[in-house]
Number of protein chains: 2
Amino acid sequence: MERRPTLHDVAGEAGVSAKTVSRVLNGDGPVAAATRERVLAAVGRLGFRPNLMARSIRTGGPDSTVGLVLPDLGNPFFGALAGGAEGALRGRGLTVLLGCSGGDAAREAEVVGAFLARRTSALLVVPSGGGGETAAAARAAGVPLVYLDRPGPGADCVVSSNRAGAREGVAHLLGAGHRRVGFLGDLPASLYTRRERLAGWREALAAAGLPAPAELVAGARTVAEAERAALALLALPEPPTALFASNVIAATGALLALGRSGRRDVALLSFDDLPLAEVLDPPLSAVAQAPALLGATAARLALARLDGDGTPPRTETVPTRLVLRTRTGEARPPYCE
Amino acid sequence: MERRPTLHDVAGEAGVSAKTVSRVLNGDGPVAAATRERVLAAVGRLGFRPNLMARSIRTGGPDSTVGLVLPDLGNPFFGALAGGAEGALRGRGLTVLLGCSGGDAAREAEVVGAFLARRTSALLVVPSGGGGETAAAARAAGVPLVYLDRPGPGADCVVSSNRAGAREGVAHLLGAGHRRVGFLGDLPASLYTRRERLAGWREALAAAGLPAPAELVAGARTVAEAERAALALLALPEPPTALFASNVIAATGALLALGRSGRRDVALLSFDDLPLAEVLDPPLSAVAQAPALLGATAARLALARLDGDGTPPRTETVPTRLVLRTRTGEARPPYCE
DNA sequence: ATGAAAGCGCTAACAT
DNA sequence: ATGTTAGCGCTTTCAT
């Protein structure tokens with residue numbers, strides 16, 4: 001296996017100097033048409049590909065990569081988010097470095113360190129710890145940082161409209177006449193998104209002049225827990241007539257609970273859409289997020305910083321969308337409406 | 001914002017030569033304990049992080065990155081695959097470069113080119129075109145290439161047991177007494193995975209001494225098409241009593257068709273598991289793939305090549321798992337005793 | 001045990 | 001319009 005050809009090899013092959021080859025490749029200084037031809041021919045003949053790392057070193061600036069740190073690629077939400085970011089960045093000639101933190105602050109710091117060592121031009125991070133360490137590292141390196149999905153200290157941030165979306169979803173249930181709407185989600189609501197969705201539930205009830213009793217709030221971390229929690233809610237002396245599931249896990253558990261107990265009289269609405277929502281019987285309405293747009297927005301924000309935007313850190317909110325599904329040509333009462 | 005500190009800055013701060021700092025950092029030559037202390041202190045004080053690109057350039061070898069090319073991160077399957085690969089690679093100190101081809105051969109070539117220009121140490125690619133261009137580029141660069149999910153020319157490959165899995169799934173339906181099992185999938189079966197699953201369907205029928213008539217094979221590319229196609233199958237003079245959906249889209253369409261027409265007498269089994277499968281009524285059994293394991297396996301294969309494995313290209317098959325779900329919701333994976 | 005010099009592949013700053 | 005020199009941040013000689 002041969003050594004890969006360098007600029008000098010091309011220069012030799014074309015009978016010019018290295019700098020001239022560089023000029024041709026970068027459209028830099030003026031080059032005679034004939035020379036350019038010869039250089040390009042040599043490049044083709046040798047199959048030369050410039051070494052981007054060497055270029056980066058010499059230019060001194062940041063490398064044409066952007067680091068993306070996610071908690072977990074097994075979650076479709078983060079996958080879609082990565083896709084959105086990648087698309088926006090590739091369009092600008094940037095390559096994505098991908099890292100998983102597993103939701104662990106130490107691993108996040110590790111990954112961020114590795115990215116910074118590659119002189120990434122920006123960092124997009126779904127923060128796992130307090131975020132302070134990542135922010136400090138990014139600042140020290142002079143690299144723009146954008147938090148994704150959850151806010152963090154001292155940097156730009158792109159989030160879904162968790163609170164407003166939840167509020168809208170619950171308001172829809174209230175508009176359908178429900179007066180007791182249970183909240184099912186991951187508790188304690190220490191994570192930003194959970195906290196916001198819970199707040200949205202509270203706000204919707206308050207706006208309707210209704211109380212938000214603690215007994216209507218149930219925590220669950222797994223599908224099985226959520227199923228049990230939903231059943232417990234429905235077994236209350238004054239049970240809810242509708243459930244708001246604040247995430248996919250909770251929604252799945254609630255669906256199981258309703259399905260297995262044959263309760264078709266209880267309405268259900270979930271935050272974060274499910275792929276099979278319209279296939280369910282009855283179909284499931286949801287507050288849908290736009291993860292790809294979230295990723296793309298974060299990328300745009302980072303690019304703006306790279307382009308010199310020096311304004312104070314700001315938070316951009318990507319709107320959620322209430323997706324109401326009904327069963328067409330069916331007599332059975334849908335969960336929602 | 002200051003220039004980031006370099007090896008020389010550290011050397012100056014510690015009162016030693018650059019090479020000594022390098023030795024300390026790489027555990028290279030012998031260094032006096034006292035000197036090491038001083039150097040490490042200086043590193044800490046300055047917040048020095050070695051420039052990985054500069055190191056890579058000097059060492060001449062490949063960079064500590066691995067390029068991963070996927071068709072589409074919006075698809076949870078590929079997200080999980082990426083997660084598996086990332087985990088296996090980070091464990092070995094490698095960083096993942098992520099690129100999306102969008103299923104387009106030209107974009108794949110573009111992304112591969114960008115990765116190779118960064119001197120990636122290996123390439124993991126879900127091939128979109130014939131794959132020839134990618135293989136040629138990788139070979140020319142002397143970079144190990146592993147195809148993911150679909151085979152390609154002249155390189156290692158990691159795939160799911162598409163054919164055997166489909167065969168097993170259909171055999172299960174046959175074992176339940178069905179004699180006419182419809183095939184619902186993306187046609188024409190030009191893509192490897194589709195072809196294999198169709199072949200598995202045929203093989204299962206053949207093994208049971210049954211015909212595989214063309215009328216039982218229906219193609220569909222979207223959920224709506226799949227729904228129509230499923231209904232068409234069920235409207236045949238001699239309709240199938242069971243359907244085998246060869247992918248998630250087809251399964252979704254079939255579920256819609258069965259649900260809306262109220263047909264609870266038709267069995268359904270899908271290739272590729274659905275997150276809500278157990279919530280459905282009746283629960284849906286499926287041939288589950290292991291995308292994360294697919295990614296991790298590809299990573300291991302690439303690492304083996306980097307470690308000098310020079311054997312001829314080989315194909316590794318990651319087994320699928322038949323997940324049978326019943327009314328009680330207890331999943332009974334037959335392989336897990 | 002440490003350092004000086006050279007050079008990886010490339011481009012910025014001056015030549016010419 | 002092209003070439004020369006120097007040097008990016010690091011590691012490899014080869015000294016000492």
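Letters A, B, ... mirror the listed sequences (proteins, then strands); counts begin at 1.
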(request) Supply the atom-to-atom distance L68(B) CG to F78(B) CZ, rounded to the nearest 0.5 angstrom. (result)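 If I round to the nearest 0.5 Å, the distance is 10.5 Å.
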(message) Check this for me: does any side-chain nitrogen of one of R4(A) and D9(A) sit under 4.0 Å from a carboxylate oxygen of the other?
(response)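 Not counted as a salt bridge, because no side-chain N and carboxylate O are separated by less than 4.0 Å.
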(request) List in chain and number order the residues that pass salt bridge (Lys or Arg N to Asp or Glu O under 4.0 Å) with R194(B), two or more places apart in sequence or in another chain; answer none if no residue qualifies. (result)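 Applying salt bridge (Lys or Arg N to Asp or Glu O under 4.0 Å) to R194(B) gives D186(B).
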Contact between [X] and [Y] at the side-chain level, heavy atoms closer than 4.5 Å - yes or no?
X      : Y       : answer
L98(A) : L70(A)  : yes
L97(A) : R118(A) : yes
R23(B) : R36(B)  : no

(request) Just jot down the side chain to side chain contact (heavy atoms under 4.5 Å, CB included) partners of R305(A), sequence neighbours excluded, or say none. (result)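 Here the qualifying residues are P144(A), D156(A), D309(A), T311(A), R314(A).
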(message) Tell me every residue that passes side chain to side chain contact (heavy atoms under 4.5 Å, CB included) with A290(A), counting only those two or more places apart in sequence or in another chain.
(response)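 Only L293(A), V318(A) meet the side chain to side chain contact (heavy atoms under 4.5 Å, CB included) criterion with A290(A).
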(message) Can you build the contact string for nucleotides 3-9 of chain C? Use B for base contact, S for sugar-phosphate-only contact, and - for no protein heavy atom under 4.0 Å.
(response) BB-BBBB
(request) Mind checking T35(B) for me? I need base, sugar-phosphate or nothing, with any heavy atom below 4.0 Å counting as a touch. (result)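 Sugar-phosphate, no base atom in range.
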(message) Surrounding CZ of R38(A) (heavy atoms of other residues, nucleotides or ligands, distance under 6.0 Å), is the total greater than 12?
(response)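 Yes, enclosed.
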(message) Tell me the bend of the helix from dA1(C)-dT16(D) to dT16(C)-dA1(D) as the angle between end helix axes, each from five pairs, rounded to the nearest 10 degrees.
(response)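 Roughly 40°, once rounded to the nearest ten degrees.
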(request) On DNA chain D, reading 5' to 3', which nucleotide is the first and which the last to sit with an atom under 4.0 Å from a heavy atom of chain A, could you check? (result)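 Both ends considered, the range comes out as dA1(D) to dC8(D).
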(message) Run D307(B) and R92(B) through salt bridge (charged side-chain N to carboxylate O under 4.0 Å, His left out) and show every step you take.
(response) CA-CA 12 Å; D307(B) 290 346; R92(B) 289 274 294 251; 3.0 Å; yes
